[in-house]
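Some notes on the structure that comes next.
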Amino acid sequence: MTWTRHHVLGLADWVKDEYDTLLQTASSFREVLSRRTKKVPALQGLVVTNMFFEPSTRTRSSFELAAKRLSADILNFAPGSSSLTKGETILDTAKTYLAMGTNIMVIRHKEAGVPQAIAAEMDRLDTGVSILNAGDGQHEHPSQGLLDLFTICSLLDCDKPRLELLNGKKIAIVGDILHSRVARSNIWSLTAAGANVHLVGPPTLVPEWFKGMKNDSHSGELFLHWELEPALENADFVMTLRLQKERMTDYLLPSLREYHQLYGMTRNRLQLCHPDVKILHPGPVNRGVEISSDLMDDPQFSLIQQQVTSGIAVRMALLFLIGTSSEMVE
Ligand code: NCD
């Protein structure tokens, strides 16, 4: 497939071929990362700017390392020590990095829609700059959805990770769905793959209207539960999510202890799942809240470290596909 997507703002409109191209490309970069020299010249001469207006450990570092492994030049913007503190607008910041020759901007912001707004401005100015959304408010976090997909598909077939491997699999997403951009991106990718996605958590964090998050061309079904047991029953994968306390404006939870009692993943609860079940978490984890501490560290069940490792190959694939698409190399 020829890659045509110029910006990656979300997964809502991704089609099967795009997922498969991304998975295949990430798989070849995983091979590069296993070599002694883990660097290729693919994006030599391009400038990638990380613009994170919200805290991040994994995503920011992972994009940085991915860009470096592709031989791009990388700039890191830190809002606290930037001209934003002097009143500069986000769009003017973006234009400043444009004037320095940035080709790809990787943007995270606490408000949904900021990456889209910058992409629209870059298009309006006919700059050729690509925007990668690294998480915007409660909207989407496409690179996380893709690295979760790559982690799961690689477990099912390491040599040929592809979308169809997930057809008919049962995947539970547990916890703070309401505030989670990770859950939203995963709902799009997993249902596109034909997996059946079961959202579960307290009613305050799993509102009924999530049922409407359905793309009719996706064959996977979406189910909602407010009790853990039916969601876990025979599940192939369980994605746990962080309780996003920074986004909780109302009193949405009784207490963290009670949350763990009702919805925390523990060894006991694994018995409800498929015997080969694996647990994911995008991080950062509230240890002992979303998942018990010992389970989190158990490599037999936990894919958390693989998710972080997969992130580098997946972000290399995203930067590569976008950075070598016809518009940018012209
Ligand atoms: C997630 C995020 O920022 O949306 N983390 C991540 O990117 N690995 C999830 C979270 O913050 O809980």
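Start at 1 with the first residue, then count along the sequence. We count ligands from 1, going down the list as the structure has it; atoms in each ligand are counted the same way. Computed from heavy atoms alone, side chains included, the values below leave out hydrogens, waters and symmetry copies. Keep in mind it's a predicted model, so treat the numbers as computed, not measured.
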(request) Would you mind finding which of Ala183, Gly135, Gly283 brings a heavy atom closest to atom 1 (C) of ligand 1? (result) Gly283
(message) Using heavy-atom distances only, which candidate in Arg58, Gln144, His141 approaches atom 7 (O) of ligand 1 most closely?
(response) His141
(message) Below 4.0 Å, non-hydrogen atoms only: which portion of Arg108 touches ligand 1? Side chain, backbone, both or neither.
(response) side chain
(request) Using the side-chain hydrogen bond (donor to acceptor under 3.5 Å, both in side chains) rule, pick out the option among Asn50, Thr59, Asp136 that qualifies with Arg108. (result) Thr59
(request) Report the nearest protein non-hydrogen atom to atom 11 (O) of ligand 1: residue, atom name, distance rounded to 0.1 Å. (result) Arg242 NH2, 3.0 Å
(request) If you have a sec, work out which protein heavy atom is nearest atom 8 (N) of ligand 1 and how many Å separate them, to one decimal? (result) Pro282 O, 3.0 Å
(message) Hydrogens and angles aside, do Asp92 and Thr89 bring a side-chain donor and acceptor to less than 3.5 Å of each other?
(response) yes
(request) Would you check if there is a donor-acceptor pair between the side chains of His6 and Ser130 at a distance under 3.5 Å? (result) yes
(request) Examine Pro284 against ligand 1 and note whether any of their N/O atoms are separated by less than 3.5 Å. (result) no
(request) May I ask you to test the Met239-His281 pair for a side-chain heavy-atom distance under 4.5 Å? (result) no
(message) Return the OG to CH2 distance between Ser189 and Trp14, rounded to the nearest 0.5 Å.
(response) 9.5 Å
(message) I want to check something: taking the side chain as every heavy atom from C-beta on, are Glu140 and Trp188 in contact at a cut-off of under 4.5 Å?
(response) yes
(request) Say whether Gln24 and Asp20, considering side chains only, have a donor N or O and an acceptor N or O under 3.5 Å apart. (result) no
(request) May I ask you to identify, for Val182, whether its side chain, its backbone, both or neither come under 4.0 Å of ligand 1 on a heavy-atom basis? (result) side chain
(message) Considering Gln307, Arg181, Glu290 one by one, which has a heavy atom nearer to atom 2 (C) of ligand 1 than any of the others?
(response) Arg181
(message) Using a 4.0 Å cutoff against the non-hydrogen atoms of Gln244, which atoms of ligand 1 qualify?
(response) 10 (C), 12 (O)
